[in-house]
Amino acid sequence: MPASFPYASTLARRLGLLIALLLIATSATATPAKAKKHQKNKAKVNHHSPSQRHAAPKPAPSLGLRPELQTLAQTLAERQQLPLPWVRDLLGQARWQASVVQAMRPAPTGTPKNWATYRARFVEPRRIQAGVAFWRAHQAQLQAAQERTGVPMALIAGVLGVETLYGQQMGNYRVLDALTTLALDFPPDHPRAAERRALFESELGQFLRLAQQGVLDPLTVRGSYAGAMGLGQFMPSSWARFAVDGDDDGRIDLLHNAADAIASVANYFVQYGWQPGVPTHFAVQVSASPADLDALLAPDILPTFSAQRLQALGVALPETATTYPGKLALVELQNGSDPPTFVAGTDNFYAITRYNWSSYYAMAVIDLGNAVQAAVQLTDK
Ligand SMILES: [Ca+2]
């Protein structure tokens with residue numbers, strides 16, 4: 001858990017106010033803190049909590065005095081058709097989080113990607129073991145989701161493992177604080193700052209709407225620095241669009257209810273075009289010319305090429321893939337200074353990247369889920 005929030009004492013509250021005033025005075029010229037490697041993966045948020053990064057955590061300042069907050073409250077109340085005084089009151093209780101802003105800064109350029117290292121972070125004994133325990137505890141719900149949607153149990157288990165270590169690391173930031181901070185102060189030096197700030201403003205609106213519907217308690221819900229919540233780390237907009245009631249108890253609770261989380265992850269993939277029975281990818285060997293390789297990698301993860309076309313351009317497919325009827329994407333996973341790993345991704349691979357826009361993420365989810373399933377089957381024998 002992170003540093004306790006500054007409600008504990010009047011002294012802390014006064015300190016917060018003081019810092020808020022100081023911040024208002026200096027915000028125009030504030031310089032970023034020391035460059036810290038951008039955490040691309042949501043699951044790592046938990047290693048990033050203020051309590052771990054600073055020896056003596058300072059109370060987060062209140063945002064209540066910022067004039068922009070009033071404008072923001074008005075915008076969101078109108079857009080989501082919420083009572084303005086209620087929105088104002090809630091946003092007034094948000095606390096500014098420096099580490100949330102910091103975490104959004106772009107990664108330093110030139111950092112080589114390394115699939116082997118990335119994979120090893122997630123496909124490792126502790127996470128597999130936690131996955132086996134989760135699988136055993138929720139096998140019926142995983143099975144039911146697979147039967148209803150065609151999304152494999154292993155894939156759902158892989159997502160929940162990579163996202164939150166099966167609910168053990170769901171994030172330490174109050175979602176209200178994270179989203180309000182980013183809606184006001186998304187780092188302006190980010191290449192897509194305006195677009196991203198607008199996105200977090202929209203997510204904050206959706207979060208308030210969920211709160212108003214009584215789905216969650218806006219003052220206590222915690223999540224990642226980006227405002228992702230629960231076992232599957234759903235953003236508020238995803239909660240609103242894709243969350244389903246997995247155990248038919250009339251409520252959707254992605255924070256505490258594994259059945260709801262499992263069914264909602266499966267539904268997410270269904271909504272992004274999951275095709276039952278279709279594999280996610282094929283391992284391939286590439287001996288394409290540099291020019292052909294450029295052409296093959298240009299569409300990135302979007303399935304574009306037929307199996308025949310890939311073969312013609314120097315991509316060796318396994319036997320099972322040569323008759324694959326759909327389109328494929330050639331996906332390159334870099335391994336630092338070692339040769340890259342290549343896979344041919346299907347539409348289902350693409351669907352996984354809608355959960356988190358990264359082929360590294362998609363492969364880690366697939367590999368972890370398969371490792372968990374294999375471990376379950378091994379111990380079943
Ligand atoms: Ca439920």
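Atoms within each ligand, like the ligands themselves, are counted from 1 in listed order. When reading the values below, keep in mind they use all heavy atoms of this one structure, side chains included, and skip hydrogens, waters and symmetry mates.
For Arg174 (side chain) and Leu219 (main-chain N/O), a donor-acceptor pair under 3.5 Å exists by modelled atom type.
Note on Asp248: not counted as a metal contact of the Ca ion (ligand 1), no N/O/S atom lying under 3.0 Å.
The pair Asp367-Arg119 counts as a salt bridge, with a side-chain nitrogen and a carboxylate oxygen less than 4.0 angstrom apart.
In terms of distance to the Ca ion (ligand 1), the nearest N, O or S atom of Asp247 is named OD1.
The aromatic rings of Tyr268 and Tyr272 sit tilted relative to each other, their planes meeting at an angle between 30° and 60°. Ring geometry for Tyr361 against Tyr355 counts as parallel: the plane angle stays under 30°, on a 0 to 90° scale with 60° as the upper cut.
Around the Ca ion (ligand 1), the two atoms OD1 of Asp245 and OD1 of Asp249 are separated by an angle of 90°, to 10 degrees. Between the O atom of Arg251 and the OD2 atom of Asp260, the angle centred on the Ca ion (ligand 1) amounts to 80° when rounded to 10°.
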